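These numbers come from a predicted model, not from an experiment.
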Amino acid sequence: MKGFTVALLAWTLISPCKGSSGSGSREAWPTHIACRDGGLEMLYQSCDPLQDFGFSVDQCSKHLKPNINIRFGIILREDIKELYLDLALFSKGSSVLNFSYPVCEESLPKFSFCGRRKGEQIYYAGPVNSPGFDIPEGKYQVLLELYTENRSTVACANATVICS
Ligand SMILES: *[C@@H]1O[C@H](CO)[C@@H](O)[C@H](O)[C@H]1NC(C)=O
Ligand SMILES: *[C@@H]1O[C@H](CO)[C@@H](O)[C@H](O)[C@H]1NC(C)=O
Ligand SMILES: *[C@@H]1O[C@H](CO)[C@@H](O)[C@H](O)[C@H]1NC(C)=O
């Protein structure tokens with residue numbers, strides 16, 4: 001919760017400046033803590049050159065429940081009539097799992113923010129489905145990308161998950 005507030009604040013403060021400063025010698029976005037509790041630590045960093053975003057998981061646990069509560073805040077770079085999430089999981093440098101999940105589909109808008117327009121700020125706090133399982137001990141790298149039906153990036157992040 002506290003982590004999220006900080007991330008969200010940082011995101012709100014930094015985004016407009018970064019957006020107008022143009023590309024070039026851009027520094028990496030700061031690393032945020034999505035959660036750190038119950039033997040699990042999730043850190044993430046935006047890999048979208050244009051903006052950072054806020055994300056947190058309410059109850060961190062290595063026993064992943066089928067329903068987890070997340071908080072997510074971002075300024076939309078694109079209309080999100082349709083939105084997809086791609087996730088790639090790596091362990092010790094090798095690919096473990098690829099996963100693609102439709103978040104918003106025109107015929108099946110799963111979340112209240114589906115259909116929102118470019119330039120709007122969205123903030124979501126609520127449940128998401130997860131494949132409930134026990135995360136094996138270890139350190140994982142995760143690449144996440146949210147994109148539209150036209151393959152335009154909405155958000156991109158690389159994360160490190162440490163389960164002990
Ligand atoms: C994201 O990737 C960069 C570059 O590979 C790396 O330096 C950084 O530690 C990663 N951040 C997280 C939170 O995994
Ligand atoms: C995606 O592409 C379709 C067809 O090319 C176009 O009508 C639509 O406006 C595009 N959507 C976005 C978000 O750019
Ligand atoms: C995941 O996708 C990447 C790139 O398409 C591929 O190289 C890798 O083998 C895939 N990993 C698995 C576990 O299917």
Side-chain angles (χ1 to χ4, degrees), residues 1-65 68-78 80 83-101 103 111 113 120-131 133-148 152-164:
M1 181 62 205
K2 204 166 135 215
F4 179 74
T5 313
V6 172
L8 190 66
L9 190 67
W11 156 68
T12 314
L13 293 176
I14 295 166
S15 295
C17 321
K18 287 271 182 164
S20 56
S21 68
S23 52
S25 57
R26 193 191 60 81
E27 285 171 41
W29 293 109
T31 298
H32 304 296
I33 299 169
C35 73
R36 180 187 275 161
D37 208 1
L40 192 69
E41 183 173 349
M42 284 174 68
L43 306 171
Y44 76 94
Q45 201 172 3
S46 171
C47 49
D48 177 349
L50 295 181
Q51 69 172 345
D52 198 1
F53 64 90
F55 174 77
S56 81
V57 180
D58 279 6
Q59 279 172 316
C60 216
S61 165
K62 52 187 171 184
H63 311 291
L64 207 60
K65 282 180 284 179
I68 54 175
N69 283 312
I70 64 152
R71 286 157 201 272
F72 180 74
I74 194 166
I75 295 168
L76 293 176
R77 274 177 56 172
E78 303 289 338
I80 51 167
L83 187 68
Y84 301 90
L85 172 69
D86 271 9
L87 188 151
L89 180 70
F90 301 84
S91 172
K92 299 188 182 96
S94 41
S95 170
V96 178
L97 179 79
N98 291 327
F99 177 78
S100 193
Y101 175 78
V103 181
F111 298 98
F113 54 77
E120 284 190 67
Q121 183 169 320
I122 59 171
Y123 172 63
Y124 175 78
V128 290
N129 291 326
S130 88
F133 64 94
D134 285 359
I135 303 169
E137 272 185 28
K139 185 172 174 178
Y140 306 93
Q141 266 71 49
V142 190
L143 294 177
L144 295 144
E145 193 192 358
L146 280 169
Y147 58 93
T148 66
S152 307
T153 303
V154 171
C156 164
N158 69 312
T160 300
V161 177
I162 302 161
C163 183
S164 53

State which residue, out of Leu146, Leu50, Thr148, fulfils the side chain to side chain contact (heavy atoms under 4.5 Å, CB included) condition with Arg77.
Leu50
Non-hydrogen side-chain atoms of Val128 and Ile68 separated by less than 4.5 Å
yes
Within a strict 4.5 Å, meaning less than it, do heavy atoms of the Phe113 and Leu83 side chains meet?
yes
A side-chain contact here means heavy atoms from C-beta on lying under 4.5 Å apart; do Tyr123 and Arg71 qualify?
yes
One should read off an interatomic distance between Tyr140 OH and Lys92 NZ, to the nearest 0.5 angstrom, of 8.0 Å
Nearest heavy-atom contact between Cys35 and Val57 is CB-O, 3.6 Å
Has Gln45 got a side-chain atom pairing as donor or acceptor with Ala28's backbone, closer than 3.5 angstrom?
no
What's the separation between atom SG in Cys163 and atom NE2 in His63, rounded to the nearest 0.5 Å?
8.5 Å
Residues Thr153 and Glu145: side-chain donor-acceptor under 3.5 angstrom
yes
Supply the atom-to-atom distance Cys60 SG to Ile135 CD1, rounded to the nearest 0.5 angstrom.
8.0 Å
Should the pair Tyr44 and Phe55 be assigned to parallel (<30°), tilted (30 to 60°) or perpendicular (>60°) ring geometry?
perpendicular
Is there a side-chain contact between Asp48 and Ser46, using heavy atoms and a 4.5 Å cut-off?
yes
Minimum side-chain heavy-atom gap Asn158-Phe90 below 4.5 Å
no
Val154 and Gln51 have their tightest heavy-atom pair at O-NE2, 3.9 Å
Heavy-atom pair with the smallest gap, counting every atom of Ala157 and Phe53:
CB-CZ, 3.7 Å
Look at atom CD of Glu120 and say whether more than 12 heavy atoms of other residues, nucleotides or ligands are closer to it than 6.0 Å.
yes
Is any side-chain heavy atom of Tyr147 closer than 4.5 Å to one of Asp86?
yes
From Gln59 CD over to Leu40 CG, what is the distance, rounded to the nearest 0.5 angstrom?
12.5 Å
Quick check for you: to the nearest 0.5 Å, what is the distance between Gln141 atom CD and Thr160 atom OG1?
5.0 Å
If you measure from CD1 on Ile122 to CD1 on Ile74, what distance do you get to the nearest 0.5 Å?
6.5 Å
